[in-house]
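Here's the structure we're looking at; comments come further down.
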Amino acid sequence: MADLDDIRDGQSYGAGIPPPDQKFFLKGCDSMDWGMKDRMSRIFNPKTGRTVMLAFDHGFIMGPTSGLERVDLNIVPLMEYADCLMCARGMLRTVVPATLNKPVCLRSDAGSTILTELNDNVVLDIRDACRLNASAVAVMVAVGDKKYEAPTIANLYKAVDKGMKMGIPVMGVTAVGKDMVRDSRYFGLAARVCAENGANIVKTYYVEGFEKVVSACPVPIVIAGGKKLPELEALELAYNAISSGASGVDMGRNIFQSDSPKAMIQAVRAVVHEGLKPAKAFELFKSLSKRKTSK
Ligand code: R5P
């Protein structure tokens, strides 16, 4: 029964004090519902507006590629340094400790392996993404691929509809068709197509002229690292992308195929969140690697 005596009138209304400015820290996200914003704030650090996603979803298409033979041994120890984990559901359920409490960007399309051409994709049931407490789902789009452009855009479109219902952001992943020129014109087109079809985040590749790709994309962009590069070059790639306006990296091979993956992810973090210049970040990488080997 409600307590009806001693009901106190409110007194502290702060009359004349305007409510705080609730403008969201990421572009294109102001009209999102609260749950979506909460998930975006788990992926992107609200203090810097940036993210270091650790990508280890490669096995869903490549199998046990170098560095990912044992995710439990090689990748789990890196997770504490990541802002967000990007992986497929099988590895998440079997290997990633739920106690880590890290946001997950769940790879949500499937249907191809390296043994065949790109195949028709299927998209994960959004209820499974909810069960896994995903903070975002990632769906690939093959812009410019004659056969798979339409079905993969349709996949993204449907994923966005489902994500909207559940409050789960969708990351559009731009796959590069074999015949495509990897330049800012192509990535500008691919990123924009993802965003126009409703993607809340776009993952693409850094190229010269990347400022144009970022400017014309109304939602945050993160870059994939791509094939393994020498560490200094990978740090330069991250630095150039961030300087051109990227909101972070979704990096895999350049971290887990490094000789010192723990040192590398920390150096990448310093570039992304602190704007450390590549040469300094490389120094940091070397000193952290030495510390590891001298232990
Ligand atoms: C992309 O679709 C892949 O599945 C990876 O998540 C992505 O390419 C990032 O990894 P990497 O930095 O190794 O390119």
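When a ligand or atom number is given, it counts from 1 through the structure's own listing order.
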Please state whether Asn254 comes within less than 4.0 angstrom of ligand 1, counting heavy atoms only.
no

Any idea which of Gly252, Cys105, Ala234 brings a heavy atom closest to atom 12 (O) of ligand 1?
Gly252

The one among Met140, Lys228, Arg107, Met53 that brings a heavy atom closest to atom 2 (O) of ligand 1
Arg107

min-distance protein heavy atom vs atom 1 (C) of ligand 1 -> Lys203 NZ, 3.1 Å

The protein heavy atom nearest to atom 10 (O) of ligand 1 is His58 NE2, 3.1 Å

List every atom of ligand 1 that sits less than 4.0 Å from any heavy atom of [X], numbering the atoms from 1 in the order shown and giving each element.
{"X": "Ala55", "answer": "6 (O), 9 (C), 10 (O)"}
{"X": "Val173", "answer": "2 (O)"}
{"X": "Arg253", "answer": "11 (P), 12 (O), 13 (O), 14 (O)"}

Under a 4.0 Å threshold between the charged nitrogen and the carboxylate oxygen, would Arg131 count as salt-bridged to Asp128?
yes

Between Glu283 and Lys280, does any side-chain N to carboxylate O distance fall below 4.0 Å?
no

Using a 3.5 Å cut-off on N or O atoms only, is Asp57 in polar contact with ligand 1?
yes

Do Arg182 and Tyr205 form a cation-pi contact, if we require the NZ or CZ to be under 6.0 Å from the six-membered ring centre and within 45 degrees of the ring's axis?
yes

Stepwise side-chain hydrogen bond (donor to acceptor under 3.5 Å, both in side chains) check, Glu231 with Ser258
CA-CA 7 Å; Glu231 276 77 5; Ser258 166; 2.7 Å; yes

Say whether, by atom type as modelled, one donor and one acceptor occur between the side chain of Asp183 and the main chain of Tyr186 under 3.5 angstrom.
yes

Please determine which of Arg107, Arg50, Lys203 meets the salt bridge (charged side-chain N to carboxylate O under 4.0 Å, His left out) test together with Asp250.
Lys203

